[in-house]
Amino acid sequence: MKASGGPREASPNAQMLSHSGFSLTGDGESVNNKTPRNIRVSILFGRALLTEGVPLRHATTTSSSSNPTGPIAAAAHLNSAHSVPDAGGQVSNHQRAKRIWILCVVMVLCWLLSGIASAQQYEVIDSPAAQLTPEQIDGYERAAKTLATTRKKEQLTGEVLKGATIYVEHVVPYQIVRKENLNKMGPMLASLEKSLTNAQRIDNPGKTELLKKIYNGMNKVAIGNHIPAARINAILVLGRLDSRPYDGATGRPPLPLAAVFSPLFNTLAGIYENEEEVDGVRAAALQALHRAAMYGFSSMKDEPKAKLTQLMTDLLDAPAPEGRDPKAHAYLQRSAVDILHYLSTPDDTSLGKQLISISTDEEKPDLIALYSAAQLGDMTKQLNGQVADTDGVLKSWSRRAFETVESELKRLQARDRNTTMTVKQPPNPETFLGVKEEKKKKKDKSRTTGGMMGGGMDMGMGSDMMMEGGMGMGMGMGMMGGMPAAKPQPPEVSLSRRRITHVLQQIMQGAVGSAEAEVPKNPRGLIAAASDEDKKILTSWVDDIRPIAEAINDDQLDDKKKWLESLEEQRVALAKLAGVELSDEDEDGEGIDRMPGGLPGMGDGLPFGPPAGAGLPNEAAADAGLPVGGGLPVN
């Protein structure tokens, strides 16, 4: 299926809506599909959200009061292809799936805004639902709720079934594809999904009928030439339909309908592989396929498995297409890595070889290279005979860690160069009025006391330190119990530390199957398939990484100057591991320019970070590729 249409001008009052708390829009007009990926601006904006953690609603959206467990809410992901996730893995994958959805939303929004005027229109659904009164619609909605909630089969009369069919298969699709009803899309779809979830949870006699009706209604929206906002929502609803629900009592995962129902799988695969589709729509289909493979890999037949394997292999091998930012392409490739891992067998060595190649390719962005390295930590026999040069792999990974530390040094030094050039404030008028010295001392004393009691710490800084375990009640209790407490960490130090730590965690995971700087009792990753000689190389490398990790996580680095000095030392250590030659001045730390006040600078023309004291956005760590738990300690 190919979306048709032409370019158009975006409405200035366009709003975005989805029931996950964000909103999405289209004005009913299509965009020129001759350049379906002409969305570089949208990708750059999406990257800003993903890397800086800026909440989407702060940019161009309005929040929605709809249920957060609607079709856009991501399912908890498994930690590996063949296991049930624990709580930590669910949180991590929930955040990652949420970021995928945010990227879909941003891509579609800016794709709409980038079009030029055209007479071609997106289609609306011609349905008898247009003639219904609000009272009639309410009646049909009640019939759908009865279908979902009744425990008595005799209550499922012909009238109830007919009313539910009209509402789910006609009223809902008719309304969500119309631009004037965008504000109804979120609540409608959230209510449908909640009804189905409840019906399946209580083993309602009408659950199968409701599942069929939701499929029929959403399928016509997903494959039609409708506004991308409606299609993305419909595709995500389809991806979350389950043939068998999650069993909380036994922990048995759900069985996605797409894994066992060929027409749905073919619809999702067809949307994804159609290069004429909007990237946001294709990304939504990819997420739905990801969920099908994650929970339904053991139930999928050979044909869809082979189809999905080929699609994901092609995605991993393909460069970013014209108009798609390489980092956005790398983000989509992460889903391909997951899907191939879910579908692979323990003896299949092809994926391990491919991941090693990706992780050591200097042209690949860190987003996919480091992710591929970390996924090797789940493998053992799959890596047999695939690591031709263990030392070369470790040097390549070490180089990425070195470049991360170097980029953090440049970023923080450039930021300091920017913030030190402050405008001189005029003198206090009180100095011209002969203020008494006693009064001035009193004022200064009051300010000092207030700062000690809680007025001296920026709120953003405080929240970040509490997230990092450096302040708050934990610190107070530690001091009362005689335990040494971590020193308060400036937010820019905390963020920098977490970024570097996450890089170290990923390469450690790939090397020995653990994010800790230790070789576990049952190692996985490179060391599991290594020869005795290569095991010595890996063990020595881990021993060299350990002091670097400990230095990065030293909680006594309580100001930026100490942190920068420590980063310089770790930069030199990582350069040796990576085989990077540094000049004598670099190794001695004498080749760095110094700003007034003793803070280092790296010259002009470097990008600047956010203003000091801005704090960290709630999702900055997850969206910037930072650790979300486990592994090396983060202070």
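This is a predicted model, so every value here is computed, not measured.
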> Between Asp317 and Gln354, is any pair of side-chain heavy atoms under 4.5 Å apart?
Replying inline: yes

>> side-chain contact (heavy atoms from CB on, under 4.5 Å), that's the test. Do Val168 and Leu147 meet it? Break it down for me.
In response: CA-CA 11 Å; Val168 178; Leu147 177 63; over 6 Å; no

>> Using side-chain contact (heavy atoms from CB on, under 4.5 Å), reason through Arg400 and Asp366 one step at a time and then give a plain yes or no.
In response: CA-CA 8 Å; Arg400 289 191 182 270; Asp366 284 354; 2.5 Å; yes

>> Assess the residue pair Val160 and Gln155 against the criterion (side-chain contact (heavy atoms from CB on, under 4.5 Å)); give the C-alpha distance rounded to whole Å, side-chain angles, the decisive distance to 0.1 Å, and a yes or no.
In response: CA-CA 8 Å; Val160 168; Gln155 290 184 345; over 6 Å; no

> Side chain of Ser191, backbone of Pro187: donor and acceptor closer than 3.5 Å?
Replying inline: no

> Can you tell which of Leu355, Ile358, Leu351 makes a side chain to side chain contact (heavy atoms under 4.5 Å, CB included) with Gln375?
Replying inline: Leu355

> If you measure from the Lys or Arg side-chain nitrogens to the Asp or Glu carboxylate oxygens, is any gap between Glu180 and Arg178 under 4.0 Å?
Replying inline: yes

>> Quick check against the 3.5 Å criterion: does His329 have a side-chain atom that pairs as donor or acceptor with the backbone of Ala318?
In response: yes

> Can you find a heavy atom in the side chain of Thr345 that is under 4.5 Å from one in the side chain of Asp348?
Replying inline: yes

>> If we count only N and O atoms by modelled type, under 3.5 Å, do the side chains of Asp338 and Tyr371 hold a donor and an acceptor together?
In response: yes

> Shortest non-hydrogen contact from Pro254 to Arg291?
Replying inline: CG-NH2, 3.8 Å

> Quick one: are the ring centres of His170 and Tyr140 less than 6.0 Å apart?
Replying inline: no

> Would a distance-only check, ignoring hydrogens and angles, find a side-chain to backbone donor-acceptor pair under 3.5 Å from Asn204 to Thr150?
Replying inline: yes

> Should the pair Glu277-Arg231 be classified as a salt bridge under the 4.0 Å nitrogen-to-oxygen rule?
Replying inline: yes

> Sub-3.5 Å donor-acceptor pair from the side chain of Gln200 to the main-chain atoms of Asp242, do we have one?
Replying inline: yes

>> Please give me the minimum heavy-atom distance between Ala293 and Ile339, naming the atom from each residue.
In response: CB-CG2, 4.0 Å

> Checking side-chain contact (heavy atoms from CB on, under 4.5 Å) for the pair Gln287/Leu236: CA distance, chi angles, key distance, verdict?
Replying inline: CA-CA 8 Å; Gln287 182 182 344; Leu236 293 173; 3.6 Å; yes

> Should the pair Lys207-Asp203 be classified as a salt bridge under the 4.0 Å nitrogen-to-oxygen rule?
Replying inline: yes

> Between Asn181 and Val177, is there a donor-acceptor pair closer than 3.5 Å when you use the side chain of the first and the backbone of the second?
Replying inline: no

> In Å, rounded to the nearest 0.5 Å, how long is the span from OG of Ser372 to NZ of Lys364?
Replying inline: 8.5 Å

> Closest heavy-atom contact between Ser243 and Val260?
Replying inline: CB-CG2, 3.9 Å

> What is the minimum heavy-atom distance between Thr313 and Leu340, and which atoms define it?
Replying inline: OG1-CD2, 3.8 Å

> What are the two closest non-hydrogen atoms of His290 and Tyr342, and how far apart are they?
Replying inline: CE1-OH, 3.7 Å

> In Å and rounded to the nearest 0.5 Å, what is the CD1 to CG distance from Ile235 to Asn219?
Replying inline: 10.0 Å

> Does a side-chain heavy-atom distance below 4.5 Å link Tyr331 with Ile368?
Replying inline: no

> Given side chains that start at C-beta, do those of Thr267 and Phe261 come closer than 4.5 Å, heavy atoms only?
Replying inline: no

> Going by distance alone, is a donor N or O of one side chain under 3.5 Å from an acceptor N or O of the other, for Gln310 and Asp314?
Replying inline: yes

>> So that I can tick it off, tell me whether Lys307 and Glu303 are bridged by a salt bridge, with the cut-off set at under 4.0 angstrom between side-chain N and carboxylate O.
In response: no

>> Can you confirm whether Lys145 is buried at NZ, in the sense that more than 12 heavy atoms of other residues, nucleotides or ligands lie under 6.0 Å from that atom?
In response: no

> Could you walk me through whether Arg244 and Ser299 pass the side chain to side chain donor-acceptor pair (under 3.5 Å) check?
Replying inline: CA-CA 12 Å; Arg244 183 189 66 212; Ser299 300; 5.7 Å; no

> Could you give the distance from CG (Leu182) to NZ (Lys184), rounded to the nearest 0.5 Å?
Replying inline: 11.0 Å

> Distance from Leu189 atom CG to Ile176 atom CD1, nearest 0.5 Å?
Replying inline: 5.0 Å

> Is the backbone N or O of Glu169 less than 3.5 Å from a side-chain atom of Lys220, with the two atoms forming a donor-acceptor pair by type?
Replying inline: yes

> Does some side-chain heavy atom of Val237 sit less than 4.5 Å from a side-chain heavy atom of Glu193?
Replying inline: no

>> If you define the side chain from C-beta out and look only at heavy atoms, does anything of Tyr122 sit under 4.5 Å from Pro228?
In response: yes

>> I need the minimum non-hydrogen distance between Arg499 and Ser407, along with the two atoms involved.
In response: NH1-OG, 3.0 Å

>> Has Glu141 got a side-chain atom pairing as donor or acceptor with Tyr167's backbone, closer than 3.5 angstrom?
In response: no

>> With rounding to the nearest 0.5 angstrom, report the CG to CG distance, Leu286 to Leu311.
In response: 9.5 Å

> Rounded to the nearest 0.5 Å, how far apart are CG of Leu210 and CG of Leu156?
Replying inline: 10.5 Å

>> Within the 4.5 Å heavy-atom criterion, are Glu209 and Lys213 side-chain neighbours or not?
In response: yes

>> Counting only heavy atoms not in Glu362 (residues, nucleotides, ligands), do more than 12 fall under 6.0 Å from its CD?
In response: no

> Do Leu161 and Thr157 touch side chain to side chain, with heavy atoms closer than 4.5 Å?
Replying inline: no

